[in-house]
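Written out below as structure tokens is the structure these notes cover.
In what follows, chains are A, B, ... by sequence order, proteins preceding strands, each numbered from 1. Everything numeric here is computed off the predicted structure, so don't read it as measured data. All values below were derived from every heavy atom in this structure, side-chain atoms included, with hydrogens, water molecules and symmetry-related copies excluded.
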Protein chains: 4
Amino acid sequence: MPPSSLTLFSVSPGSPEPLYRQLMDQIRRLVAGGQLAPGDDLPSVRDLAQSLTLNPMTVSKAYGLLEMEGVLQRRRGLGMQVAGAQGKPALDVAARLELLRPILERAALEARQLELDSNFVLELFQQIFEEKT
Amino acid sequence: MPPSSLTLFSVSPGSPEPLYRQLMDQIRRLVAGGQLAPGDDLPSVRDLAQSLTLNPMTVSKAYGLLEMEGVLQRRRGLGMQVAGAQGKPALDVAARLELLRPILERAALEARQLELDSNFVLELFQQIFEEKT
Amino acid sequence: MPPSSLTLFSVSPGSPEPLYRQLMDQIRRLVAGGQLAPGDDLPSVRDLAQSLTLNPMTVSKAYGLLEMEGVLQRRRGLGMQVAGAQGKPALDVAARLELLRPILERAALEARQLELDSNFVLELFQQIFEEKT
Amino acid sequence: MPPSSLTLFSVSPGSPEPLYRQLMDQIRRLVAGGQLAPGDDLPSVRDLAQSLTLNPMTVSKAYGLLEMEGVLQRRRGLGMQVAGAQGKPALDVAARLELLRPILERAALEARQLELDSNFVLELFQQIFEEKT
DNA sequence: GTGGTCTAGACCACA
DNA sequence: GTGGTCTAGACCACG
């Protein structure tokens with residue numbers, strides 16, 4: 001159970017989404033996608049806060065709420081780690097797609113409001129998707 | 001340019017979305033969808049506020065911000081109306097696609113964190129895009 | 001004393017400046033510059049209002065205030081005309097330059113806030129000035 | 001990034017210019033002139049409101065609009081600060097000149113209505129421009 | 001009649 | 001502590 005890299009994480013201070021919530025969503029996705037596996041250690045509150053230039057309380061709040069959800073578990077004196085198999089089984093593709101649905105709906109809404117053609121939008125999306133891979 | 005009906009509008013006070021923002025989104029959509037055409041009058045601040053049981057300032061804030069965006073136009077002493085073609089030079093397709101880029105990048109990021117395959121994601125996106133059209 | 005042409009006048013509804021005041025300033029300038037000479041007839045309230053798509057009351061207010069200032073004079077049943085020599089003598093160049101000073105100061109202020117070099121600004125100004133002549 | 005002093009700010013309640021707009025203009029000028037540098041903190045809404053004996057909402061309105069313009073940046077729970085270089089890509093000279101064009105066109109129009117010679121006008125403009133620098 | 005500004009005072013979410 | 005939202009109610013300029 002290797003410690004997870006700091007480079008997995010990022011937040012956008014400009015977004016209307018609260019910072020602690022951005023973090024929570026992100027960790028949930030990383031766990032669902034398997035990039036954070038059960039037993040993996042998470043970065044310490046202090047390290048992650050420094051790396052993202054956040055207030056440590058913000059990171060702590062995200063960790064705390066995810067612990068309540070059962071996604072993470074606190075091991076006294078050792079930091080947080082991803083909850084084991086008894087917490088939640090890894091999600092299959094269909095379930096992970098469902099997690100993606102909200103943002104796709106929002107993007108589709110914006111595209112329609114911009115009166116954009118489906119083909120152009122899909123093409124741009126594919127291009128963005130692949131270039132950063 | 002008939003006055004637009006009060007019945008076009010509604011807000012949900014329970015939503016986390018601020019009331020003035022709900023109104024803005026709604027008006028933008030009505031304009032984009034053609035239910036409010038350039039030159040149409042909007043309900044007066046007071047009428048709309050009363051109809052939605054809102055404070056007039058809340059409506060006024062929405063109107064004011066939409067004026068700054070170029071969606072609406074003030075006619076002094078006469079009320080607001082939907083901005084005509086001269087209001088916005090009408091962005092071309094490429095420019096509008098650029099406006100969409102940020103949310104697509106965010107969606108792509110989330111999809112990658114979920115370890116989802118590009119094909120599945122694009123398919124879901126297309127389906128969402130087209131079903132609501 | 002020919003009737004003055006409707007084409008001399010214009011207003012910008014988008015400006016923060018009240019419409020009646022825009023009209024007043026404009027007429028004062030046209031009189032100061034000699035394009036409206038003492039004895040010249042002004043367009044009727046109705047004609048001018050229609051030509052500028054203004055409320056006739058707005059035009060009437062401008063005319064009324066200029067009458068109080070002595071710039072215009074009302075001739076019963078015949079409309080307004082530019083006040084004669086006894087009203088105000090034509091302004092010399094220095095005086096007319098003074099009337100221009102406020103907007104030049106405002107333009108200079110904006111240019112400085114934009115950190116623009118005096119040479120570039122003057123060049124653009126000259127170009128604009130001459131192309132529309 | 002030191003907190004900016006309260007003593008930098010002032011408003012005149014007697015002016016026809018709205019208070020929030022006076023504040024906006026002042027902050028824009030302070031930023032343009034370098035007295036407020038990117039990264040500097042602004043006084044808190046409450047502090048500035050008390051110092052100017054304004055309602056906090058008035059200050060908040062000014063801050064909010066400047067944020068929309070990209071001049072200021074919100075740091076949640078920490079207050080506002082002057083937007084950094086990444087906020088605005090810093091317009092080049094040509095683009096900034098374009099922002100100046102509307103007022104120069106208006107000034108040229110007024111000058112023509114006053115039947116003023118281009119040389120006199122440019123000379124006065126240059127004089128005004130340079131004396132206040 | 002229209003919208004715009006301002007105040008006072010309350011409540012909320014975020015860090 | 002920070003800013004954001006909303007209300008109630010007042011006053012103003014404009015048309």
Side-chain angles (χ1 to χ4, degrees), chain A residues 11 13 15-23 49 52-62, chain B residues 3 11 13 15-23 41-49 52-67 72-81, chain C residues 11 13 15-23 49 52-62, chain D residues 3 11 13 15-23 41-49 52-67 72-81:
Chain A
V11 290
S15 154
E17 187 85 353
L19 300 172
Y20 79 93
R21 192 166 282 281
Q22 289 182 44
L23 245 188
L52 300 175
T53 58
L54 291 180
N55 189 311
M57 266 190 53
T58 306
V59 177
S60 180
K61 183 171 183 176
Chain B
V11 290
S15 157
E17 187 83 351
L19 300 171
Y20 79 91
R21 199 164 273 285
Q22 288 181 45
L23 247 186
D41 286 321
L42 281 117
S44 84
V45 167
R46 292 158 173 80
D47 285 355
L48 188 50
L52 300 175
T53 57
L54 291 180
N55 187 295
M57 255 197 82
T58 305
V59 177
S60 180
K61 183 172 183 178
Y63 278 9
L65 290 171
L66 286 171
E67 189 201 1
L72 302 183
Q73 210 168 356
R74 247 175 59 214
R75 288 169 60 230
R76 301 212 275 221
L78 300 174
M80 312 289 292
Q81 67 175 207
Chain C
V11 289
S15 156
E17 187 86 351
L19 300 172
Y20 79 93
R21 192 166 280 282
Q22 288 182 44
L23 246 188
L52 300 175
T53 57
L54 291 180
N55 189 312
M57 268 189 52
T58 306
V59 178
S60 180
K61 183 171 184 177
Chain D
V11 290
S15 157
E17 187 84 351
L19 300 172
Y20 78 91
R21 199 164 273 285
Q22 288 181 46
L23 247 186
D41 286 322
L42 281 115
S44 83
V45 167
R46 291 158 172 82
D47 286 355
L48 188 50
L52 300 175
T53 57
L54 291 180
N55 186 296
M57 254 197 83
T58 305
V59 177
S60 179
K61 184 173 182 175
Y63 278 9
L65 290 172
L66 286 172
E67 190 202 1
L72 301 183
Q73 211 166 356
R74 247 175 57 214
R75 287 170 60 231
R76 301 212 276 222
L78 301 173
M80 311 287 294
Q81 69 175 206

In whole Å, I'd like the distance from the CZ atom of D:R74 to the P atom of F:dT2. 15 Å

Locate the shortest heavy-atom distance separating D:L65 from D:Y20; write the atom from each residue and the value. CD1-CE1, 3.6 Å

Residue pair D:Y63 / D:P43, side-chain heavy-atom distance below 4.5 Å: yes

Does B:L23 form a side chain to side chain contact (heavy atoms under 4.5 Å, CB included) with B:K61? I'd like the steps, not just the answer. CA-CA 10 Å; B:L23 247 186; B:K61 183 172 183 178; over 6 Å; no

What integer distance in Å separates B:L42:CG from E:dT2:P? 13 Å

Does CZ belonging to D:R76 count more than 12 external heavy atoms closer than 6.0 Å? yes

Going 5' to 3' along nucleotides 5-15 of chain E, which nucleotides have protein heavy atoms under 4.0 Å from the base (write B), which only from the sugar-phosphate (write S), and which from neither (write -)? SBBB-----BS

Just how far, in rounded Å, is P of E:dG3 from CD of B:Q73? 14 Å

Any side-chain heavy-atom pair of B:M57 and B:V45 under 4.5 Å: no

Write down the distance between CG (B:D41) and P (E:dG3), rounded to a whole number of angstrom. 10 Å

Using every non-hydrogen atom in the two residues, find where D:M80 and D:E67 come nearest and quote the distance to one decimal. CE-CB, 4.2 Å

Check the distance between F:dG15's P and B:Q81's CD and give it to me in whole angstrom. 15 Å

For F:dC14, the nucleotide meeting Watson-Crick or G-U wobble distances (both under 3.5 Å) is E:dG1

